[in-house]
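The structure appears below as structure tokens.
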Number of protein chains: 2
Amino acid sequence: MKSRKEHSTNSINEKYWKEHCGITQILSLIGGRWKINILVYLLNEKKLRYNELKKRLVGVSERMLIAKLKELESDGLINRIVYQEVPPKVEYELTERGKSLEDILNRMEKWGEANLPVK
Amino acid sequence: MKSRKEHSTNSINEKYWKEHCGITQILSLIGGRWKINILVYLLNEKKLRYNELKKRLVGVSERMLIAKLKELESDGLINRIVYQEVPPKVEYELTERGKSLEDILNRMEKWGEANLPVK
DNA sequence: TTTCATACTCACTTTTTTGTTAGTACCATA
DNA sequence: TATGGTACTAACAAAAAAGTGAGTATGAAA
């Protein structure tokens, strides 16, 4: 994965706001193209294998999916469960912290649906 | 403002998910570094002038602030109120649609605060 | 006549995110 | 011995987001 430039204004701003503001913090955990949808699928289906996620996330590339799963895992929102089998089998599920987002995700989804035809 | 490439995979994916999923839609309205904080300040302080917003959004550049205000305005989340004075005076406030995000923003803020010391 | 304050605009560069393509390891089965 | 399925990895390229620094219009006040 690319490393961020520690001393760019961009990352200084990001750091400042994450530290001073919870809402920026949560955005950084669930923001971007794919993460929030991964969370929603896991919320609805409890456990999903890597390939099952991939099928649902229409258009996602291997690289992005893996990268986002790793971020979610290291942020403590999902668990990665490895089965010692061949061919490999890996499942993903929400952690308790991940599940605690349920209410917010549901409300966001609802608001989004209600406001779909924007512009 | 830079124009997006209509036919990049990136924007095809973005379009697909916006159209198929409310939660992606809402993320595109409030995501990024600055927009959600603009909304929160306007939620708390009702009306703010351009310069007042600028002071609160520590680190923001003129370009980003204007760009994000324009996006929020064209997405129907804020109103821009121009006073015919010199020097110019412009105020920003939430629209009804913008205000309807209050509950979600508050919950996000709360979750974020509760989960600040991540990792 | 110069300075000042406000709310911008513009051309450009850097940084970050996202996507592409071609791999790998493992063993089971054909 | 070759093929297949799963869950990845890694080098590279394109696109998008964010930031920089200088400039504009207006009329009032010094």
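Owing to the predicted nature of the structure, the values given are computational and were not obtained by experimental measurement. Keep in mind that the numbers below use all heavy atoms, side chains included, and drop hydrogens, waters and symmetry copies.
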* Structure fact -> Rounded to the nearest 0.5 angstrom, the CD1-CG distance for B:I38 and B:L53 is 6.5 Å

* **With A:D103 via side-chain hydrogen bond (donor to acceptor under 3.5 Å, both in side chains) - residues at least two apart** => A:R107, B:R107

* **Length of the line joining A:I12:CD1 and D:dT20:C1', which is rounded to integer Å** => 14 Å

Write down the protein N/O and nucleotide N/O pairs, taken from nucleotides 21-29 of chain D, whose separation is under 3.5 Å; answer none if there are no such pairs.
none

* For the atom pair CG (A:L57) and CG (A:N37), what is the distance rounded to the nearest 0.5 Å? -> 6.5 Å

* **Distance in angstrom units between B:R4 CZ and D:dA16 C1', rounded** => 7 Å

* What pairs meet the salt bridge (charged side-chain N to carboxylate O under 4.0 Å, His left out) rule with one or both residues in residues 30-46 of chain B, with sequence neighbours excluded? -> B:K35-B:E71, B:E45-B:R56

* Knowing that exactly one of A:M108, A:K68, A:E109 qualifies, which makes a side-chain contact (heavy atoms from CB on, under 4.5 Å) with A:I36? -> A:M108

* **Atom-to-atom span, CD of B:E73 to P of C:dA7 - whole angstrom** => 15 Å

* Relative orientation of the end axes in the helix from C:dT1-D:dA30 to C:dA30-D:dT1, expressed as an angle to the nearest 10° (five pairs per end) -> 30°

* Residue list, ring-ring contact (aromatic ring centres under 6.0 Å, His included) with B:Y41, at least two apart or on another chain -> none

* Structure fact -> Residues at least two apart in sequence or cross-chain that pass side-chain hydrogen bond (donor to acceptor under 3.5 Å, both in side chains) with A:S100, listed by chain then number, are B:W111

* Does B:K54 have a side-chain nitrogen or oxygen under 4.0 Å from the phosphate oxygens OP1 or OP2 of C:dT6? -> no

* Asked: Could you give the NZ-to-P distance, from A:K35 to C:dT16, as a whole number of Å?
  -> 15 Å

* **Remaining members of the apolar cluster that contains A:I81, side-chain heavy atoms under 4.5 Å** => A:Y83

* **Length of the line joining B:R33:CZ and C:dT14:C1', which is rounded to integer Å** => 13 Å

* Asked: Distance check: side-chain N/O of A:N13 vs OP1/OP2 of D:dG19, anything under 4.0 Å?
  -> yes

* Can you tell me which residue pairs pass the salt bridge (charged side-chain N to carboxylate O under 4.0 Å, His left out) test with a partner in residues 82-94 of chain A, sequence neighbours excluded? => none

* Would you please confirm or rule out a distance under 4.0 Å between OP1 or OP2 of C:dT20 and any side-chain N or O of B:T9? => yes

* With sequence neighbours left out, write down each residue that passes side-chain hydrogen bond (donor to acceptor under 3.5 Å, both in side chains) with B:E73, or none if nothing qualifies. => none

* Asked: Roughly how far apart are B:N115 CG and A:I26 CD1, rounded to 0.5 Å?
  -> 7.5 Å

* **DNA chain D contacts among residues 38-50 of chain A, heavy-atom distance under 4.0 Å** => A:R49, A:Y50

* To do: Determine the contact category for B:G59: base if any of its heavy atoms lies under 4.0 Å from a base atom, sugar-phosphate if only primed atoms, P, OP1 or OP2 are that close, otherwise nothing.
  => nothing

* Asked: Checking all strands, does A:Y92 fall into the base, sugar-phosphate, or nothing category for heavy-atom contacts under 4.0 angstrom?
  -> sugar-phosphate

* Look at the side chain of A:N51 and decide which nucleotide, out of D:dT6, C:dC8, D:dA17, has an atom nearest to it. => D:dT6

* Phosphate oxygens OP1/OP2 of D:dG19: is one of them under 4.0 Å from a side-chain N or O of B:W34? -> yes

* Closer than 4.0 Å, any side-chain N/O of B:K5 to the OP1 or OP2 of D:dA15? -> yes

* Structure fact -> In whole angstroms, the gap separating C1' of C:dT6 from CD1 of B:I66 amounts to 11 Å

* Between A:E52 and A:S11, which is nearer to the 5' end of DNA chain D once each is assigned its nearest nucleotide? -> A:E52

* Structure fact -> side-chain hydrogen bond (donor to acceptor under 3.5 Å, both in side chains) filter on B:K54, not counting sequence neighbours, yields B:E62

* Asked: For DNA chain C, whose closest nucleotide is more 5', that of A:E14 or that of A:S61?
  -> A:E14

* To do: For B:K68 and D:dA16, give me the distance from atom NZ to atom C1', rounded to whole Å.
  => 10 Å

* CD of A:E91 versus P of D:dA7: gap in Å, rounded? -> 9 Å

* Asked: Between C:dT20, C:dA7, C:dT16, which nucleotide gets closest to the side-chain atoms of B:R80?
  -> C:dA7

* Asked: What residues, two or more places apart in sequence or in another chain, satisfy salt bridge (charged side-chain N to carboxylate O under 4.0 Å, His left out) together with A:K99?
  -> A:E96

